[in-house]
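First the proteins, then the strands, lettered A, B, ... as listed; each starts at 1. Treat the numbers as computed from the prediction; the structure is a model and nothing was measured.
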There are 2 protein chains.
Amino acid sequence: MKMSGGVEWAIHCCVLLSQADGPVPAPRLAEFHGISRTYLAKHLQHLSRDGLVSSTEGRVGGYVLTRPAEQITVLDVVLAIEGREPAFRCTEIRQNGPLPASPAACKRACGVARAMHAAEQAWRESLRGVTIADLAAGVLVDAGPDTFVRLREWLSAS
Amino acid sequence: MKMSGGVEWAIHCCVLLSQADGPVPAPRLAEFHGISRTYLAKHLQHLSRDGLVSSTEGRVGGYVLTRPAEQITVLDVVLAIEGREPAFRCTEIRQNGPLPASPAACKRACGVARAMHAAEQAWRESLRGVTIADLAAGVLVDAGPDTFVRLREWLSAS
DNA sequence: GTCCGTTTACTCGGATATGCGTTGTCCGAGTTGCGCTGG
DNA sequence: CCAGCGCAACTCGGACAACGCATATCCGAGTAAACGGAC
């Protein structure tokens with residue numbers, strides 16, 4: 001069970017976008033994080049499809065958050081990148097074999113699937129409790145109060 | 001983020017083993033669930049490596065749970081199959097690019113990694129709260145009280 | 001009848017191919033700012 | 001000096017290969033029961 005590495009990229013990009021004044025193009029985002037330009041663009045497309053970011057074309061185009069950072073949760077980003085399919089998918093093997101479960105018993109989901117579903121729900125709830133704004137505030141605490149000032153300077157300089 | 005399908009198989013096998021009287025060989029387990037013999041054997045090897053099941057060779061060999069079903073959690077099985085590596089692994093991209101985070105700021109884990117880690121911890125705690133015995137009890141409720149009786153009959157018959 | 005050796009069938013374990021998904025890259029369509037030209 | 005037009009550069013979006021891992025399989029090593037024969 002491995003999460004896509006693009007999730008980390010997307011979250012960091014959202015934190016950056018929350019502190020930018022205007023649109024930020026994908027190559028700029030990639031350069032700032034030292035990652036692949038083209039591959040990051042692919043992930044940003046997923047964010048755009050889910051309506052988390054808005055893309056503007058043209059000479060001074062780029063990506064902008066569609067909502068305030070306080071209203072974007074980490075779960076939103078994860079679902080946009082990884083998709084909404086649950087990690088565990090029940091194949092109903094209890095209906096196979098010489099002693100298959102009766103159709104009446106299968107009206108309720110099997111216990112294994114219920115346990116997995118509950119765990120995934122807990123995971124989602126935890127991620128839903130953290131917003132991009134929270135992460136941005138954490139960066140300020142860890143890296144110093146002038147971090148985003150220098151970020152904006154770099155954005156306007158290049 | 002997709003979980004291995006072998007996890008479902010392994011959990012169902014553990015539930016079955018918790019109700020068996022003696023060792024159950026892998027081909028029997030596979031036949032009962034209508035799944036691949038050889039591939040299931042591979043997953044059972046993982047359970048054996050982690051000490052969840054004990055294997056006995058020879059003519060009447062097979063797999064037996066090493067602990068009572070009340071002391072085996074779903075998390076144990078998931079970790080045995082999927083491995084103990086966390087789904088999210090931080091690549092520390094905050095240290096890249098033109099404005100890298102200072103080494104002092106990196107003494108603490110980055111906020112993204114902390115959020116992911118907390119979510120995964122919640123997921124683990126949820127899975128840790130369900131035991132193989134709980135699942136077996138759920139099967140009794142869903143499929144009827146005589147389910148395991150018929151299971152034992154089938155095991156001794158074939 | 002009992003004990004022992006051999007056979008035999010059955011088990012697990014690791015080493016070995018294959019298909020699909022994530023990773024990574026590229027090029028084309030579209031849009032906007034900028035510069036030039038004409039009035 | 002100002003307005004209109006063409007250009008060019010920059011942007012995003014989807015289509016195109018390559019690697020890695022999960023999937024699926026096979027065969028060999030080992031073991032314990034069962035059988036046959038000798039005592």
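- Among the nucleotides dT25(D), dT22(C), dG13(C), the one closest to the side chain of Tyr39(B) is dT25(D).
- Nucleic acid contact class of Ala41(B) (heavy atoms, under 4.0 Å, all strands): none.
- If you check every strand for non-hydrogen atoms under 4.0 Å, Lys42(B) touches a base.
- Minimum atom distance to the side chain of Glu57(A) is reached by dT31(C), of the listed dG14(D), dA33(D), dT31(C).
- Here Gly6(B) lies out of heavy-atom contact (under 4.0 Å) with every strand.
- Remark: Thr56(B) is not in phosphate contact with dT31(D), judged by side-chain N or O atoms under 4.0 Å from OP1 or OP2.
- Nearest nucleotide to the side chain of Ser4(A), out of dC12(C), dT11(D), dT23(C): dT23(C).
- Residues Gln71(A) and Leu65(A) form no side-chain contact, since every pair of their non-hydrogen atoms from C-beta on lies 4.5 Å or further apart.
- Nucleotides of DNA chain D nearest to Val24(A) and Met1(A) differ in position, and the one nearer the 5' end is that of Val24(A).
- With the nearest nucleotide of DNA chain C identified for both Gly58(A) and Trp9(A), Trp9(A) has the one nearer the 5' end.
- Here the nucleotide nearest the side chain of Ser36(B), chosen from dT25(D), dT32(C), dA33(D), is dT25(D).
- The local environment of CZ in Arg150(B) is crowded, with over 12 non-hydrogen atoms from other residues, nucleotides or ligands closer than 6.0 Å.
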Between Leu155(A) and Leu151(A), does the side-chain contact (heavy atoms from CB on, under 4.5 Å) criterion hold? Intermediate values first, please.
CA-CA 6 Å; Leu155(A) 282 177; Leu151(A) 166 63; 4.1 Å; yes
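- Base contact: Thr38(B) has a heavy atom under 4.0 Å from a base atom.
- Out of dC12(D), dG13(C), dT23(D), the shortest distance to the side chain of Gln45(B) is found at dG13(C).
- Across dA33(D), dC12(C), dT25(C), the shortest atom-to-atom separation from the side chain of Arg59(B) is found for dA33(D).
- Contact annotation for Pro27(A): backbone-only contact, meaning every heavy-atom pair under 4.0 Å involves sugar-phosphate atoms and none involves a base.
- Comparing dC12(D), dC12(C), dA33(D) by their nearest atom to the side chain of Ser55(A) picks out dC12(D).
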